Amino acid sequence: MHIKTASLNGVLTIEIARPEKKNALTVAMYQAMADALRAAAADAAVRAVLITGQPGIFTSGNDIEDFMARPPGQGGSDSSGSPVFQFMRALLECDKPVVAAVTGAAIGIGTTMLLHCDFVFVADDARLAMPFVGLGLVPEFGSSLLVPQLMGHRRAAEKLLLGDPFTAEQAMECGIANAVLPATEVASHARRVAERFNALPPGAVRESKRLMREHQRAEILETVATEGEIFARRLRSPEAVEAFQAFFQKRAPDFGRFQ
Ligand code: COA
């Protein structure tokens, strides 16, 4: 299984473990993560959730082969029921603290999921990117709303329109990450922070997290739905097909023929 879960000392760890494909996320992996988040929310013994990747790779984002073979909303079905949307919803609805430990690359949803975590610790080797436009796609998981809010339109345009990658230091400066740590210390530091919730009253933590999120909840859900509709349509666009083919053919995409 490419998603490993373990519950230890009040912390449910969700480990993305598909290093041979740089932890690219398949439909099955989204479903497993959604199920794990929901199980964590329902289990009184779990006080916090920790999301980690593998040494040197958090995740390279959605599996591009899956994008082509099993795009959400395929065949006119409602994309909001697809595993990726279930994962998004489960993370948005998780009322227990979620801590992310990021080493190496965090691409696409690898970065946008961090916008919904409560604590984000990044290794000094981390490289974040949201290269949706270069893939013929649009921002997802509320990033078209939250990234400009976090850092202002100009800096968001670098990351969302140009798809420029950014460093751990920059992730901290622009408010995506709490702290930058040596790669070997990120996981243990993140676990220590998650375990601190064992000593705090869980009801107060839950209600506080809800209060912190509640005022923007409807707006985020609406943005996720709107982005999702456009994203699903764009997955079938000739621009996206060219970008995906170029990725697997290990060449630069050529968008010169598009208007
Ligand atoms: N989907 C499907 N397969 C992926 C993948 C993805 N998102 N990311 C990596 N892989 C696969 C590669 O095709 C390659 O497979 P192969 O060994 O069968 O050829 C393998 O994982 C290793 O990837 P590779 O690109 O050779 O590793 P790298 O160290 O040179 O680069 C990345 C790592 C993460 C920078 C690079 O793989 C990458 O840019 N991936 C795509 C990121 C992306 O655009 N994601 C979608 C965001 S919406």
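We use all heavy atoms of the structure for the numbers below, so side chains are in, but hydrogens, waters and symmetry mates are not. Atoms within each ligand, like the ligands themselves, are counted from 1 in listed order. This structure is a prediction, so every number in the text was calculated from the model and none was measured.
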Inset, instruction - Please say which of T59, N23, D63 ends up in a side-chain hydrogen bond (donor to acceptor under 3.5 Å, both in side chains) with R18. - result: D63
Legend entry - Residue, atom name and distance, where the atom is the protein heavy atom closest to atom 1 (N) of ligand 1: I64 N, 2.8 Å
Legend entry - Heavy-atom protein contact below 4.0 Å for atom 36 (C) of ligand 1: no
Inset, instruction - Taking the six-membered ring for Trp and the single ring otherwise, decide whether the centroids of F67 and F231 are under 6.0 Å apart. - result: yes
Inset, instruction - Give a yes-or-no answer on whether the side chains of T26 and R70 include a donor-acceptor pair shorter than 3.5 Å. - result: no
Inset, instruction - Check ligand 1 against F132 and write out every atom of the ligand that is under 4.0 Å from a heavy-atom position of the residue. - result: 48 (S)
Inset, instruction - Have a look at E140, K22, E20 and point out the one with the heavy atom closest to atom 29 (O) of ligand 1. - result: K22
Legend entry - Residue portion contacting ligand 1 (non-hydrogen atoms closer than 4.0 Å) for N62: backbone
Legend entry - Per-residue contact class, D63 against ligand 1 - non-hydrogen pairs under 4.0 Å: both
Legend entry - Nearest option to atom 15 (O) of ligand 1, as decided by whichever heavy atom of K21, M68, M130 sits closest: K21
Inset, instruction - Considering heavy atoms of the protein only, find what lies nearest to atom 42 (C) of ligand 1 and give residue, atom and distance to 0.1 Å. - result: S60 O, 3.3 Å
Inset, instruction - Give the atoms of ligand 1, by number and element, whose distance to some non-hydrogen atom of L135 is under 4.0 Å. - result: 44 (O), 46 (C), 47 (C), 48 (S)
Inset, instruction - Spell out, yes or no, whether F121 and V102 are grouped together once hydrophobic residues are joined by side-chain heavy atoms under 4.5 Å, including indirect joins. - result: no
Legend entry - Distance flag for atom 19 (O) of ligand 1, protein heavy atom under 4.0 Å: yes
Legend entry - Among R196, K96, R213, R210, salt bridge (charged side-chain N to carboxylate O under 4.0 Å, His left out) partner for D118: R213
